[in-house]
Amino acid sequence: MKKLINDVGSVVTDTLRGVAAAHPSLRVDIENKIIFRRDAPRPGKVGLVSGGGSGHEPLHGGYVGYGMLDAACPGEIFTSPVPDQIVRATTGVNGGAGVLHVVKNYTGDVLNFEMAAELSDDEGVEVARVLVDDDVAVRDSLYTAGRRGTGAAVFVEKIAGALAEAGAPLTEVVRVGREVNDRSRSFGVALSACTTPAAGRPTFELGEREIELGIGIHGEPGRTRAAHREARELVRIAMDAIDDDLPLSGETLVMVNGMGGTPLMELYIVFAEVAAYLKEKGATAARRLVGNHVTSLDMLGFSVTTCALTDELTRLWDAPVETPALRWGR
Amino acid sequence: MKKLINDVGSVVTDTLRGVAAAHPSLRVDIENKIIFRRDAPRPGKVGLVSGGGSGHEPLHGGYVGYGMLDAACPGEIFTSPVPDQIVRATTGVNGGAGVLHVVKNYTGDVLNFEMAAELSDDEGVEVARVLVDDDVAVRDSLYTAGRRGTGAAVFVEKIAGALAEAGAPLTEVVRVGREVNDRSRSFGVALSACTTPAAGRPTFELGEREIELGIGIHGEPGRTRAAHREARELVRIAMDAIDDDLPLSGETLVMVNGMGGTPLMELYIVFAEVAAYLKEKGATAARRLVGNHVTSLDMLGFSVTTCALTDELTRLWDAPVETPALRWGR
Amino acid sequence: MDTRFFVIWMEEITAAVRAGRDHLTRLDAAIGDADHGTNLDRGFAAVAEALAARPPDTPGGVLVLAGSTLIRKVGGASGPLYGTAFRDMGKALGDAADVSAAELASALEAGLAGVRRLGGAEEGDKTMVDALAPAARAMARTVDAGGDPEEAFAAAAAAAEEGAKATVPLVARKGRASYLGARSAGHEDPGAASTALIVGALRAVATRRSPRSESRP
Amino acid sequence: MDTRFFVIWMEEITAAVRAGRDHLTRLDAAIGDADHGTNLDRGFAAVAEALAARPPDTPGGVLVLAGSTLIRKVGGASGPLYGTAFRDMGKALGDAADVSAAELASALEAGLAGVRRLGGAEEGDKTMVDALAPAARAMARTVDAGGDPEEAFAAAAAAAEEGAKATVPLVARKGRASYLGARSAGHEDPGAASTALIVGALRAVATRRSPRSESRP
Ligand SMILES: Nc1ncnc2c1ncn2[C@@H]1O[C@H](COP(=O)(O)OP(=O)(O)O)[C@@H](O)[C@H]1O
Ligand SMILES: Nc1ncnc2c1ncn2[C@@H]1O[C@H](COP(=O)(O)OP(=O)(O)O)[C@@H](O)[C@H]1O
Ligand SMILES: [Mg+2]
Ligand SMILES: [Mg+2]
Ligand SMILES: [Mg+2]
Ligand SMILES: [Mg+2]
């Protein structure tokens, strides 16, 4: 394992030191591991807090700023943040209008955010939650942990963040966040596993021509192992899975996301095929993101996330945003 | 070799199809491999053209847009563009005020841009050139090809682009471009080689604990092979090399750049050390970029580029820019 | 069992988790996200620190402090789950200064109930419940049958180990491993394995009897 | 040598470059950027196409078209350099319909001069010049000594090969390999190696005499 780190034990803290040094628009509480908007809390504005394991950068810290999150709580690598941390972030961004937790659907994230919500409530902060569960590779069922939350987190944070920035009340922010999640689907493909600093070796081994289909964002293997093939066919597999679950049509917000180790060139090649697929289905890639947004450390691969737009969602997507990883209109 | 491509022969074209589909603000001439600003040529504005081998994405196509380049010419992977292509880009962005070629100092780039400049001149377009040669790992001498151009290309394109956008004449745009280059220095470190699609295997082999110091951006090995060590020490090696060549002081524009396969988390860890090093020297990271900007396909590693700012350069850096890879103020 | 016994139990767990860390992480790499060993190692190191800094004076106090510390330090799924388990066990013991095997057995059941309430897992879902439930049953059964604490702990430890091993063929229905569907079969559940370590540590304390904490680094 | 001879030379080069492509790319991987083989392969494939599409009617025309095509299609350092070499050779031959060995020898010198003017490399800088210069000298010497074309081409080819091999110990002072400093020693220069293929193809055409183009795919 060769990584640009100082020490396996200080990876998250050292990352936060870098984030603090790189982005004066953020206030980073390194000790408690919270990335705040510098101007938080904003009186009267609904606060948005998200968080999850580290190793998915720029998620979530890269989405803290004007028009998106008010704070992010990074846990250890692939480990949900702890309740204290979430409570501190929640009270720290509470401007009196309540706080929205954007939570990706993993047992750990759900339990820790739940505990934090109860504790925040004890401190008099109204907390609501949007649970993100967009990954169609996981069959949902009453008897399982349900679908994973992946790329749609970016969409929910951007769109709910825009509505909060516009001064909407918590109930409205929750409503739009859930709507985004309901209209979003994702599917991921890995060409390699990732290596956590603590484990020091890949979480699984793939042969020279093997890939994993339907992976999550924590280095867990996918639903099936398959033979590597050309980008066009990989995209077809991913898009068919999405389209089977929620037929693609109309104006679509599309993200082609790199898993951390994939060069941008390859993501553009994937995007070309995604756009062609949408066209075939009579849908259009009306809004687009291509790049590393929800990563898995150094994993090679990509995911596609789609969201069926409405006029309201498009308007909120287009609203100004100013964060380390998304920036437009300001 | 596992890559997200359709065919080794169509990598550049497929990438351009993706760029075209992803960025309606660009006009992509796929057949001739040119990425234009949609509104080019702008009458009375100095045109900026850059180019070089593909495999460095987002360089250069990702920097085409308001306040930066008017066109980019991607060659084959790691291969300079050809004169015809450059001529077509040059005449295509000529608004009557002349065209600046931003050329990284490689024999191939220099020769092809030189030929293109002569041919453009034949067609009545005034062409000037800024040669970027910021890499301190290469000892400059009358008898060699001189220093390589790497990260400073982004600085030159941004700052000269801002001045051109403001309506300055070609001589001024050239002057500021050269000034940026003169004040910029880079040093790169690789933890792995990259794999070109055509070669299908890494350009060099590194042991489990070996790294290359002083690498360029084409998968060429560096000046020396060394033992891997912690980020803090790697940064010290890179920064010492820069500081030896041009002592660091005052307000500094700093880029910590990923080589393509490096996760953002690690780049932040590197940035934390770079900022600490600058502080030690009494300099400040007054403006900052952290991310994949000038890559080498899937290479693991980083480079640092510094530029000693002046008030003028800071003002031009801060000026609005709207391109796929850099965006602020608009 | 007095307060000291419970402190030593925690120390024993801390040592066992430290020794088993990489093994647990490897189990988690196969069907999860390769952090279970580091998660628990971080958590129990913090428990040891907390106990040293603020030594509780009842068995229940030890367990509640351990549980709260796990919740505050571990994160992930196992943090709230184990944290709740220890807290609920501690709460079940109340203020008692000395605890009988029967009391400990019903505390263990309270801990199990907490895990089930929070995580919603049934036995057979391939989680820590698959080790904790048989351990609680075995302990209660042995105590009911008049066994001494040492026998009760040995039975519980054996049942936890067996329960953990029995997760191998199961298809996971809770936690990350459930994303793998049928591919989760063939691997031991990391949380069940760590439960076996935790219950095994109870047996170790009782068997050794002689407190070994002073000589541990 | 007539127009046909030069067309066959180009075909011979195209085939040699195709066969040697991966070898050239490997040489370039060691001290450059791993594209020399694909660059020339792309270039000479385009030359073959251009010659088929617009067959020139003089030897000079063949070489000028080859050179311009290389400039248009190759990119990199070798595109302009080889392109200029062939163009300058072609221009030196003027409109002649038939070319003597002596005329070809001085055309080769003109090509060399073009490369040196454009790239500024001296012999010993570890570039294509280290193969092209001795080849041009050997051809001129053999012709001056009254050798027939076959002997002259054989001498040139041998000199180019020797020159290419002789680049192995050199430290590069031009092109990408110069970035490696002392580490460039111990590897053959890819451009010198491709020059040996190009000059070797001249010998092959002359030796075989029988045109083989028809039977080539
Ligand atoms: N709903 C649940 N109920 C009980 N135990 C669970 C549940 N979900 C996960 N677990 C346990 O947690 C273990 C994983 O813990 P850990 O790796 O530390 O957390 P994470 O899965 O968040 O990375 C699993 O092996 C399983 O035993
Ligand atoms: N200045 C120069 N003069 C002569 N030949 C050169 C010069 N620079 C490079 N070369 C030749 O070009 C070859 C490399 O060509 P190629 O790999 O196609 O281009 P690039 O270096 O741009 O990738 C080198 O091996 C060398 O022989
Ligand atoms: Mg985890
Ligand atoms: Mg090249
Ligand atoms: Mg885990
Ligand atoms: Mg090359």
Side-chain angles (χ1 to χ4, degrees), chain A residues 1-7 11 14-23 54-55 57-58 62 189 191-192 206 208-209 211 228 230-232 234 256 260-276 285 288-290 292 295 297-298 300-302 322 324 327-330, chain B residues 1-7 11 14-23 54-55 57-58 62 189 191-192 206 208-209 211 228 230-232 234 256 260-276 285 288-290 292 295 297-298 300-302 322 324 327-330:
Chain A
M1 177 190 65
K2 272 184 284 184
K3 289 185 185 292
L4 297 168
I5 62 176
N6 290 316
D7 184 78
V11 166
D14 287 347
T15 302
L16 288 174
R17 287 171 48 230
V19 170
H23 305 295
S54 289
E57 293 65 30
V189 175
L191 307 195
S192 78
L206 280 177
E208 205 18 68
R209 303 300 300 163
I211 59 170
H228 187 40
E230 57 188 42
R232 189 174 293 119
L234 292 177
V256 166
T262 307
L264 186 56
M265 166 176 254
E266 297 179 32
L267 298 180
Y268 276 121
I269 292 176
V270 168
F271 188 80
E273 303 308 330
V274 168
R288 304 144 303 270
L289 277 186
V290 182
N292 284 301
T295 60
L297 295 171
D298 55 348
L300 299 181
F302 73 98
E322 187 172 347
R327 190 161 181 167
W328 57 72
R330 254 168 76 107
Chain B
M1 177 190 64
K2 270 183 284 184
K3 290 185 185 289
L4 297 167
I5 62 176
N6 290 316
D7 184 78
V11 166
D14 286 348
T15 303
L16 289 174
R17 287 170 49 229
V19 170
H23 306 294
S54 290
E57 293 66 30
V189 175
L191 308 194
S192 78
L206 281 176
E208 206 17 68
R209 302 300 299 163
I211 59 169
H228 186 40
E230 57 188 41
R232 191 173 293 119
L234 292 178
V256 165
T262 307
L264 186 55
M265 167 177 254
E266 298 180 31
L267 298 180
Y268 275 120
I269 292 176
V270 168
F271 188 80
E273 302 308 331
V274 168
R288 304 143 304 269
L289 277 186
V290 181
N292 284 301
T295 60
L297 296 170
D298 55 348
L300 299 181
F302 73 98
E322 188 172 346
R327 188 160 182 167
W328 57 73
R330 254 168 78 106

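Values below: every heavy atom of this structure, side chains too, minus hydrogens, waters and symmetry copies. First the proteins, then the strands, lettered A, B, ... as listed; each starts at 1.
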*State, to 0.1 Å, how close A:E273 and A:A231 come at their nearest heavy-atom pair, and which atoms those are.*
CG-C, 4.4 Å

_Please identify, among B:R17, B:R288, B:E230, B:K2, the residue contributing the most non-hydrogen atom pairs under 4.5 Å to chain A._
B:K2

*With a 4.5 angstrom heavy-atom cut-off, could you sort out which part of A:A285 is near chain B: side chain, backbone, both or neither?*
neither

*asked:* Could you check whether any side-chain N or O of A:E322 sits under 3.5 Å from a backbone N or O of A:W328, counting only pairs where one atom can act as donor and the other as acceptor?
replied: no

*Winner by heavy-atom pair count (cut-off under 4.5 Å) against chain B, out of A:A22, A:G301, A:G260, A:A20*: A:A22

*asked:* Looking at chain B, which one of A:V274, A:I269, A:D14 has the largest number of heavy-atom pairs inside 4.5 Å, strictly under?
replied: A:I269

*Specify which of A:A21, A:A276, A:G62 makes the most heavy-atom pairs with chain B at under 4.5 Å.*
A:A21

_Which residues pass the side chain to side chain donor-acceptor pair (under 3.5 Å) test with A:D298, not counting sequence neighbours?_
none

*So what's closer than 4.5 Å to chain A heavy atoms on B:L234: side chain, backbone, both or neither?*
side chain

*Heavy-atom proximity to chain A below 4.5 Å, by part of B:N6*: both

*asked:* So, taking the atom named CG in B:L267 and the one named CG in B:L289, what distance separates them when rounded to the nearest 0.5 Å?
replied: 11.5 Å

_So does A:L300 get a backbone contact from the side chain of A:S192, meaning a donor-acceptor N/O pair under 3.5 Å?_
yes

_Between A:L191 and chain B, with a heavy-atom cut-off of 4.5 Å, which part of the residue counts as in contact: side chain, backbone, both or neither?_
both

*Portion of A:V11 that has a non-hydrogen atom of chain B nearer than 4.5 angstrom*: both

*Look up atom NE2 in A:H228 and atom CZ in A:R209, then write down how far apart they are to the nearest 0.5 Å.*
5.0 Å

*chain A: which of B:L206, B:L264, B:T15, B:L297 shares the most heavy-atom pairs with it under 4.5 Å?*
B:T15

*Please state whether the side chain, the backbone, both or neither of A:R327 comes within less than 4.5 Å of a heavy atom of chain B.*
both

*Given that the side chain runs from C-beta out, which part of A:V19 has a heavy atom under 4.5 Å from chain B: side chain, backbone, both or neither?*
both

*Residues forming a side chain to side chain donor-acceptor pair (under 3.5 Å) with B:E57, sequence neighbours excluded*: none

*Is the shortest heavy-atom distance from the side chain of B:H23 to the side chain of A:Y268 under 4.5 Å?*
yes

